[in-house]
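Have a look at the structure below before the remarks.
Naming: A, B, ... by sequence-line order, numbering from 1 per chain.
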Protein chains: 2
Amino acid sequence: MTGEQIILVVEDEPQMRRVLRTTLDGQGFRVIEAGSLADGMRAARDTPALVLLDLGLPDGDGLELVRWLRGWCRVPVIVISARGREADKVRVLDAGADDYLTKPFGVAELIARIRVALRHSAALGGPEEPVVEAGPIRVDFPRHEVTVDGVAVHLTPIEFRLLALLARHAGQVLTHRMLLREVWGPSAIEHTHYLRVHMATLRRKLEVDPARPHWLLTEPGVGYRLRDPGRAAKPT
Amino acid sequence: MTGEQIILVVEDEPQMRRVLRTTLDGQGFRVIEAGSLADGMRAARDTPALVLLDLGLPDGDGLELVRWLRGWCRVPVIVISARGREADKVRVLDAGADDYLTKPFGVAELIARIRVALRHSAALGGPEEPVVEAGPIRVDFPRHEVTVDGVAVHLTPIEFRLLALLARHAGQVLTHRMLLREVWGPSAIEHTHYLRVHMATLRRKLEVDPARPHWLLTEPGVGYRLRDPGRAAKPT
DNA sequence: CCGCGGCATCAAGAAAGCGTAAAGGTGACC
DNA sequence: GGTCACCTTTACGCTTTCTTGATGCCGCGG
């Protein structure tokens, strides 16, 4: 699901940065580093999964970064600070940070708190569009469900993967090779016959007139395509 | 925005309890108190918006309560403890707690951290239903109880976790991997046979005709699904 | 008119996935 | 130390799904 999670570390002391980098690397995270507020803002555009922010930055209050982030995204922010004063904590947390660690802290605790924060953001779900519609055909990815005019249609695993692929790229042609590689694996890119067979069953299940398909279109010599109703129909 | 938010305080020292109550009252929360683990579990059925948990309880480890809560809901849990050892924190946070405060702590910080936790759960959507029904099958999470047509059915721990997972996502397919990871742990995601065996026992206990299940549905090649009575029925 | 290439369809055997029963194995609790 | 409940593991028959080869269709160029 989540391949490699990126953590943005905003910290000016090189020593501390090295510790954090090696620790997080060891946990399987990819680490991006920034040494200042400005750098942090720049780096945050890579949409990290989490931000680790040291408050004692040279070019301004880390609070600014928290507010700035909250202005446009919900990425979890864990603040690290030497200042243990309660008023500081309250200010930072109320600004939108998700946790506050006081130096010195243990590495294990940091990792545990990172896990907590990622757990939260994972529960919020990704930004991806979970449903694709093409005319009467509706593909619901999280439910693994396909309906035609509202009635559920049962698809076999291969059929679903095939349709899902076409639906995710609705409107554009997917070549034989591409479809075969994604559905059957790289070793099957020559078995174009698989495609014909399974496209036929898909059409039988989804099309009104399987012999004259209206949604699952053949692009002769190239591949297949799911008609995108939002775009102009292809020229006859 | 939300009318009156309930906070469950699980704490055995009356003195500490009084401090917390007055503080939280002053912030506009409604406070429910519990002096022991058992009381805490009982009180949690009122679906509080947040749980404040002191680890030093007389009748057992507070860790138990965290695990128990996570078994059926995501209510934010903030743990308060006199023990500041890092290993303790990691254990509790990994068990599912959302934050860990070491005594002594400032009231303002506590409030700030409560705000953070509530912010998170608000983003997730409010407190969850403690009970899910699917046709004659009724799953009561806090009581750990399952009934069919009103009669209690005894489920083994694994069976309950399996059913609970399906019930919490009623209507949508849960993949083999997902179910195995959540019920048996990440190391078992390949033992799909476990699923078959335990789904069989579940069906024997819950279905009228276990051989032709009406609620615990197989999604061939993908996973399993609990039929959501709110949605359209399947075609034959 | 005929042959050819790309495509659709059909059907049968092979393979994979699923359900059930029952035999060990393990730990808890007297 | 024996019983009990539960989980794991093995075995086997059944069903669904996939693969594979055969056949027919259609348009195009020769």
Identify the pairs formed between an N or O of the protein and an N or O of nucleotides 24-28 of chain C at a distance under 3.5 Å, and give each distance.
none

Using five base pairs at each end to define the local axes, how bent is the helix from dC1(C)-dG30(D) to dC30(C)-dG1(D), to the nearest 10°?
20°

The answer to which of E159(A) and R161(B) contacts DNA chain D further toward the 5' end, by nearest nucleotide, is R161(B)

Length of the CD-P vector between E219(B) and dC18(C), whole Å
11 Å

Test: R17(B) and E11(B) ion pair at under 4.0 Å:
no

Describe the nucleic acid contact of T218(B) in one word from base, sugar-phosphate, nothing, applying a heavy-atom distance below 4.0 Å.
sugar-phosphate

Closer than 4.0 angstrom, basic N to acidic O: yes or no for R203(B) and D209(B)?
no

Does a sphere of radius 6.0 Å around CZ in R30(A) hold more than 12 heavy atoms from other residues, nucleotides or ligands, not counting ones at 6.0 Å or beyond?
no

Can you measure K205(A) atom NZ to dA8(C) atom P for me and round it to whole angstrom units?
17 Å

Regarding E64(B) and R67(B), does a basic nitrogen lie under 4.0 Å from an acidic carboxylate oxygen?
yes

Reading DNA chain D from 5' onward, which residue's closest nucleotide shows up sooner: Y194(B) or H154(B)?
H154(B)

So, D98(A) versus H120(B): side-chain donor-acceptor pair below 3.5 Å or not?
yes

Rounded to whole Å, please give me the gap between CD in E190(B) and P in dG17(C).
13 Å

Would you indicate whether R18(B), at its atom CZ, is surrounded by more than 12 heavy atoms from other residues, nucleotides or ligands within a distance under 6.0 Å?
no

To the nearest Å, give me how far apart CG (L206(B)) and P (dG19(C)) are.
15 Å

Tabulate below the donor-acceptor pairs under 3.5 Å that side-chain atoms of residues 150-168 of chain B make, not counting sequence neighbours, or state none.
residue, atom, partner, partner atom, Å
T156(B), OG1, E159(B), N, 3.4
E159(B), OE1, T156(B), N, 3.0
E159(B), OE1, K205(B), NZ, 2.7
E159(B), OE2, T201(B), OG1, 3.0
R161(B), NH1, V183(B), O, 3.0
R168(B), NH2, G71(B), O, 2.9

Check whether any side-chain N or O of T192(A) sits under 4.0 Å from OP1 or OP2 of dG6(C), and answer yes or no.
no

Starting at CG of L162(B) and ending at P of dC6(D), how long is that distance when rounded to a whole Å?
15 Å

Please check if any side-chain donor atom of S81(B) sits under 3.5 Å from a side-chain acceptor atom of Y100(B), or the reverse.
yes

F160(A) has an atom CZ; how far is it from atom C1' of dG17(C), in whole Å?
18 Å

Please tabulate, one pair per line, each protein N/O and nucleotide N/O from nucleotides 9-11 of chain C that are separated by under 3.5 Å, including the distance.
none

In whole Å, what is the span from the CG atom of L195(A) to the P atom of dT20(D)?
14 Å

Which pairs with one or both residues in residues 179-192 of chain A pass salt bridge (charged side-chain N to carboxylate O under 4.0 Å, His left out), sequence neighbours excluded?
none

So, OP1 or OP2 of dT8(D): does either fall under 4.0 Å of a side-chain N or O from W184(B)?
yes

Ignoring backbone atoms, test whether H198(B) places a side-chain nitrogen or oxygen under 4.0 Å from the OP1 or OP2 oxygen of dC6(D).
no

Is it the case that atom CZ in R177(B) sees more than 12 heavy atoms from other parts of the structure closer than 6.0 Å?
no

For atom CG of L202(B) and atom C1' of dC6(D), their distance in whole Å:
14 Å

Please determine whether the number of non-hydrogen atoms from other residues, nucleotides or ligands lying under 6.0 Å from atom CZ of R91(B) exceeds 12.
yes

Which salt bridge (charged side-chain N to carboxylate O under 4.0 Å, His left out) pairs, counting each pair once, include a residue from residues 37-52 of chain B, with sequence neighbours left out?
D39(B)-R42(B)

